[in-house]
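Report on the following structure.
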Amino acid sequence: MTAAQPCRVFVVEDEFLVALQIEDDLVAAGYMVVGPFTSLSTSIAASRAETFDVATLDLNLRGEFVYPLVDELLERQVPVLLLTGYAGSDLPERFRCLPRLTKPFDGGELISKIRSMVPAV
């Protein structure tokens, strides 16, 4: 990410309207969206093929938890923002300290959280 290149945000969200809103909010704030991806398998494959600066992940994709993707991204030291309706206490202990937005959230909260996670250039 440079001043000439916007921050790239990897988006995983299976709800069409929520994904569309996330994408609109990020683009309006000057971010480049990578995705959205709607399944665990496509998300993992895309995360290995694409370059990005931060990831926003819906935890539950049609009954399939994205925990393997979270583990992989953390191992690669990619900042991860969890988007979920689950309480922190419902998450595996290793993920409870990660930044999280509780659904439903608004675009301002999303942008603020992303800005706090990615250093400005």
Side-chain angles (χ1 to χ4, degrees):
M1 171 179 65
T2 66
Q5 240 179 352
C7 176
R8 295 172 55 89
V9 181
F10 187 78
V11 176
V12 175
E13 174 58 62
D14 64 342
E15 301 269 344
F16 176 75
L17 293 177
V18 175
L20 189 61
Q21 188 62 54
I22 290 170
E23 186 172 9
D24 287 349
D25 292 338
L26 289 170
V27 168
Y31 294 98
M32 177 168 282
V33 174
V34 179
F37 301 97
T38 60
S39 73
L40 180 58
S41 61
T42 58
S43 299
I44 289 174
S47 76
R48 293 172 180 168
E50 299 285 347
T51 59
F52 49 92
D53 304 295
V54 62
T56 66
L57 308 178
D58 177 7
L59 276 186
N60 187 337
L61 304 174
R62 297 183 187 96
E64 194 170 31
F65 287 97
V66 298
Y67 299 149
L69 176 58
V70 178
D71 285 328
E72 189 171 313
L73 293 176
L74 292 176
E75 187 174 302
R76 291 169 32 200
Q77 298 182 341
V78 174
V80 172
L81 173 61
L82 304 177
L83 309 175
T84 183
Y86 294 98
S89 60
D90 293 331
L91 302 178
E93 191 169 330
R94 69 188 185 277
F95 300 143
R96 291 179 187 169
C97 64
L98 293 176
R100 177 172 46 93
L101 282 179
T102 303
K103 290 181 175 180
F105 54 85
D106 67 35
E109 291 175 299
L110 175 66
I111 300 307
S112 176
K113 200 64 109 163
I114 295 289
R115 282 190 180 131
S116 74
M117 296 172 64
V118 181
V121 176

Can you find a heavy atom in the side chain of [X] that is under 4.5 Å from one in the side chain of [Y]?
X	Y	result
Thr102	Arg100	yes
Val80	Phe10	no
Asp106	Asp25	no
Val9	Met32	no
Pro99	Leu82	no
Val66	Asn60	no
Lys103	Leu83	yes
Leu98	Leu74	yes

Requested in this report: List the steps, then state whether side-chain contact (heavy atoms from CB on, under 4.5 Å) holds for Arg76 with Ser47.
Outcome: CA-CA 11 Å; Arg76 291 169 32 200; Ser47 76; 3.7 Å; yes
Report task. May I ask you to decide whether Arg62 forms a salt bridge with Glu15, counting only side-chain N to carboxylate O separations under 4.0 Å? Result -> no
Query raised in the report: When you check the gap from the basic side-chain N to the acidic O, do Lys113 and Glu109 get nearer than 4.0 Å?
Result: no
Query - Any donor-acceptor N/O pair, Arg96 side chain to Ser89 backbone, under 3.5 Å - result: yes
Report task. For Ser112 and Gly108, indicate whether the former's side chain and the latter's backbone hold a donor-acceptor pair under 3.5 Å. Result -> no
Query - Distance-minimising heavy-atom pair for Pro6 and Gly30 - result: CB-O, 3.2 Å
Report summary line: Correct closest heavy-atom pair for Cys7 and Val54 would be SG-CG1, 4.2 Å
Report task. Among Leu26, Leu20, Ile22, find the one that has a side chain to side chain contact (heavy atoms under 4.5 Å, CB included) with Asp24. Result -> Leu20
Requested in this report: For the pair Leu59 and Leu91, evaluate side-chain contact (heavy atoms from CB on, under 4.5 Å) and give the outcome as yes or no after the intermediate values.
Outcome: CA-CA 9 Å; Leu59 276 186; Leu91 302 178; 3.0 Å; yes
Report task. List the steps, then state whether side-chain contact (heavy atoms from CB on, under 4.5 Å) holds for Ile44 with Glu72. Result -> CA-CA 9 Å; Ile44 289 174; Glu72 189 171 313; 4.1 Å; yes
Roughly how far, to the nearest 0.5 Å, is [atom2] of [Y] from [atom1] of [X]?
X	Y	atom1	atom2	result
Leu101	Thr56	CG	OG1	9.5 Å
Gln5	Asp53	CD	CG	8.5 Å
Arg48	Ser43	CZ	OG	11.5 Å
Leu69	Leu61	CG	CG	8.5 Å
Asp58	Phe37	CG	CZ	14.5 Å
Ser116	Ile111	OG	CD1	11.0 Å

Are [X] and [Y] grouped together when hydrophobic residues (ILVMFWY) are joined by side-chain heavy atoms under 4.5 angstrom apart?
X	Y	result
Phe52	Val11	no
Leu81	Tyr67	no
Leu110	Tyr31	yes
Ile114	Val78	no

Query raised in the report: Yes or no on side-chain contact (heavy atoms from CB on, under 4.5 Å) for Leu73 and Leu57, after CA distance, side-chain angles and deciding distance?
Result: CA-CA 11 Å; Leu73 293 176; Leu57 308 178; 4.0 Å; yes
Query - Parallel, tilted or perpendicular, as decided by the 30° and 60° cut-offs, for the rings of Phe65 and Tyr86 - result: tilted
